[in-house]
Amino acid sequence: MIALMQLPARAKEILFADLAELIRSGMTFRESLERISRHSRRLRGVVTKMLSAGNTPEECFGVARSRFDEVDFSVLFAGIESGRLEQSFVGLSAYYATVVECRKQFFRGLAYPLFVFNLGVFIINIPTAVVGAGVGAYFREVFQALMVFYLLLIGGYFLTRFLLTMVAMNPALQRRFRFIPLLGSLPYQLALWRYTLISSLLIASGLSIYKALDMGAKGCKNALIQRATAEIIIASRAGGNLSDAFSETAAFPEEVTRAVTLGETAGRLDFQLASVASLMQREFISLVQFLAELAPKLIYILIVLYLGFRAYGMMQGVSSEIHAIQQPLE
């Protein structure tokens, strides 16, 4: 049986926002799902499957587990435990709204340079159609150039995702890789945001600190944070301070260890982790914005290099033709 892919981030944002609003209006969880299944064509399939499982959130989301992320279930669990289910849905909707907006910023930045590149490929090869081998050869050259470029672009994307996945699964690699600008820091910043967000919500729901941190580590999908959290729990249970255990792992930035120290001292760990989660979110957004500004510049460099290469090739071709014409005259 083929495993279903997760719902897109935009679909999750809509689902959780609708659930939060309908439950806030006084509907039960099942009634809310039934209303969504009637008015949302995009969500009808997954919601219908959820409705077939039962009445409780645990039953409904459990049957569609492959369509959701670990962070969804962690935050959902916090809402069930605290009796504030609609607040969990509000938090999840906000989380996915941020993810969607970050993706939009990145791809908006790529749209214009990609348009310029495509236009440049069509223009730079016009001499082939006018004075060269003809229209057929012109379209062949355009197609070959675009095909090579997009294959490299798509291949680079999937290769990067594969490498990042491998690094995220290896604590030793992750410990070093997280300091590499963007390529390492961006996914690690996302993991920190998820970790602090999940942990703060679970602690606020009344779950034990150790269980909340463990679930936060699992939800962030980062091997270094998972190993560090396991070490923290062992050290703390042995009689050490939670803040000291966080510092000794050297796996977290100063902002996180400071929040844990303040939270442990004041007895408000959930509040401090929620505050640092907001900070991790802002820093993640800043990194995405920087990447959205940097990526088009890199593509422009590739455009200049390609057009320069093509222009040089055309000049060489014209020079050869002139030389061939001059030879009989001599």
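Atoms considered below: every heavy atom in the structure, side chains included; atoms not considered: hydrogens, waters and symmetry mates. Numbering starts at 1 and runs along the sequence shown.
Looking at residues two or more places apart in sequence or on another chain, you find a side chain to side chain contact (heavy atoms under 4.5 Å, CB included) between Q226 and A217. Among residues two or more places apart in sequence or in another chain, the side chain to side chain contact (heavy atoms under 4.5 Å, CB included) test is passed with M166 by F162, M169. Evaluation of the side chain to side chain contact (heavy atoms under 4.5 Å, CB included) rule for P113 yields P296, I299, Y300 as partners, not counting sequence neighbours. Applying the side chain to side chain contact (heavy atoms under 4.5 Å, CB included) test to E255 and every residue at least two apart in sequence or in another chain returns P253, V276, L279, M280, E283.
Ring planes of F29 and F89: parallel class, angle under 30° (limits at 30 and 60°).
Taken from CG in L287 to CG in L190, the straight-line distance is 10.5 Å, to the nearest 0.5 Å. In this structure, the separation between CG on L43 and CD1 on I14 is 6.5 Å, given to the nearest 0.5 Å. Here L33 contributes atom CG and T48 contributes atom OG1; the two are 9.5 Å apart, rounded to the nearest 0.5 Å. Note that the CZ atom of F246 and the OG1 atom of T249 stand 7.5 Å from one another [nearest 0.5 Å]. Summarising the geometry, atom CG belonging to D270 is positioned 12.0 Å from atom CG belonging to L207; distances are rounded to the nearest 0.5 Å. Here the OG1 atom belonging to T28 is positioned 8.0 Å from the CD1 atom belonging to I23, to the nearest 0.5 angstrom.
The closest side-chain heavy-atom distance from V260 to Q272 is not below 4.5 Å. A 4.5 Å side-chain heavy-atom check between D72 and F61 finds every atom pair outside the cut-off. In this structure, C60 and T56 have side chains that are not in contact, with every pair of non-hydrogen atoms separated by 4.5 Å or more. Under the 4.5 Å side-chain criterion, counting only non-hydrogen atoms from C-beta, L291 is not in contact with Q105. Looking only at side-chain heavy atoms (C-beta outward), R35 and R30 stay at 4.5 Å or farther from each other. Using a 4.5 Å cut-off on side-chain heavy atoms (C-beta onward), E34 and L51 make contact. Counting heavy atoms from C-beta outward, Q289 and I285 have side chains that approach closer than 4.5 Å. Looking at N222 and Q174, their side chains come closer than 4.5 Å, going by heavy atoms from C-beta outward.
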Check against side-chain hydrogen bond (donor to acceptor under 3.5 Å, both in side chains), S66 and Q6: CA-CA 6 Å; S66 62; Q6 283 193 29; over 6 Å; no
side-chain hydrogen bond (donor to acceptor under 3.5 Å, both in side chains) between S278 and Q281, intermediate numbers included: CA-CA 5 Å; S278 297; Q281 177 186 7; 5.0 Å; no
Chi angles and distances behind the salt bridge (Lys or Arg N to Asp or Glu O under 4.0 Å) call for K297, E293: CA-CA 7 Å; K297 295 175 183 177; E293 294 172 1; 5.6 Å; no
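Contact check on E101 versus R108 returns a salt bridge, with a Lys/Arg side-chain nitrogen under 4.0 Å from an Asp/Glu carboxylate oxygen. Contact check on K12 versus D69 returns no salt bridge, with no Lys/Arg side-chain nitrogen under 4.0 Å from an Asp/Glu carboxylate oxygen. The existence of a salt bridge linking E231 and R227 is excluded, since no basic side-chain nitrogen approaches an acidic carboxylate oxygen closer than 4.0 Å.
A78 and S205 get closest at one heavy-atom pair: O-CB, 3.1 Å. Between D214 and T229, the shortest heavy-atom contact is N-CG2, 4.1 Å. I225 approaches C220 most closely through the heavy-atom pair CG2-SG, 3.7 Å. Closest non-hydrogen pair, S88 versus V75, comes out as OG-O, 3.0 Å. Considering every non-hydrogen atom in both L269 and A259, the closest pair reads CD1-O, 4.4 Å. G216 and I198 make their closest contact through CA-CG2, 3.7 Å (heavy atoms, listed as atom of the first residue, atom of the second, distance).
S74 places no side-chain N or O within 3.5 Å of a backbone atom of V71 that could act as its donor or acceptor partner. In this structure, the side chain of N241 does not engage the main chain of S243 through any donor-acceptor pair within 3.5 Å. Not a single donor-acceptor pair under 3.5 Å links the side chain of S236 to the backbone N or O of I233. No donor-acceptor distance shorter than 3.5 angstrom exists from the side chain of Q87 to the backbone of R84, with no hydrogens or angles considered. Remark: side-chain polar atoms of N118 are paired, donor with acceptor, to backbone N or O of L114 under 3.5 angstrom. The main-chain N or O of G219 is found under 3.5 Å from a side-chain atom of R194 such that the two form a donor-acceptor pair. Side chain of E264 to main chain of L242: a donor-acceptor pair is present (N/O by atom type, distance under 3.5 Å, no hydrogens or angles). For R44 (side chain) and S37 (main-chain N/O), a donor-acceptor pair under 3.5 Å exists by modelled atom type. Between the side chain of R67 and the main chain of M5, a donor-acceptor pair closer than 3.5 Å is present. A donor-acceptor pair is defined here as one N or O able to donate and one able to accept, closer than 3.5 Å; such a pair exists between the side chain of T257 and the backbone of E254.
Through chains of ILVMFWY side-chain contacts below 4.5 Å, L152 is grouped with V148.
Close placement of the Y195 and F252 rings is indicated, their centers lying within 6.0 Å of each other.
For the pair R10 and Y96, the NZ or CZ position fails the cation-pi test of under 6.0 Å to the six-membered ring centre and within 45 degrees of the ring normal.
Residues S93 and E13 have side chains that never bring a donor and an acceptor to within less than 3.5 angstrom of each other.
Hydrophobic clustering of Ile, Leu, Val, Met, Phe, Trp and Tyr side chains at less than 4.5 Å, counting indirect connections, keeps I80 apart from V63. Following chains of ILVMFWY side-chain contacts shorter than 4.5 Å, one cannot reach L85 starting from V90, and the two form parts of different hydrophobic clusters. A continuous path of hydrophobic side-chain contacts links F106 to Y95 [ILVMFWY only; heavy atoms under 4.5 Å]. L273 and L262 fall into different hydrophobic clusters, where Ile, Leu, Val, Met, Phe, Trp and Tyr residues are linked whenever their side-chain heavy atoms come under 4.5 Å apart, directly or through other members. When the side chains of ILVMFWY residues are joined at heavy-atom separations under 4.5 Å, either directly or via intervening members, V47 and F68 end up in a single hydrophobic cluster.
The 12-atom threshold is exceeded at OH of Y150, counting heavy atoms of other residues, nucleotides or ligands nearer than 6.0 Å. Within 6.0 Å of the CZ atom in R161, the count of heavy atoms belonging to other residues, nucleotides or ligands does not exceed 12.
The ring-ring contact (aromatic ring centres under 6.0 Å, His included) analysis of residues 259-298, with sequence neighbours excluded, yields the pairs W193-F284.
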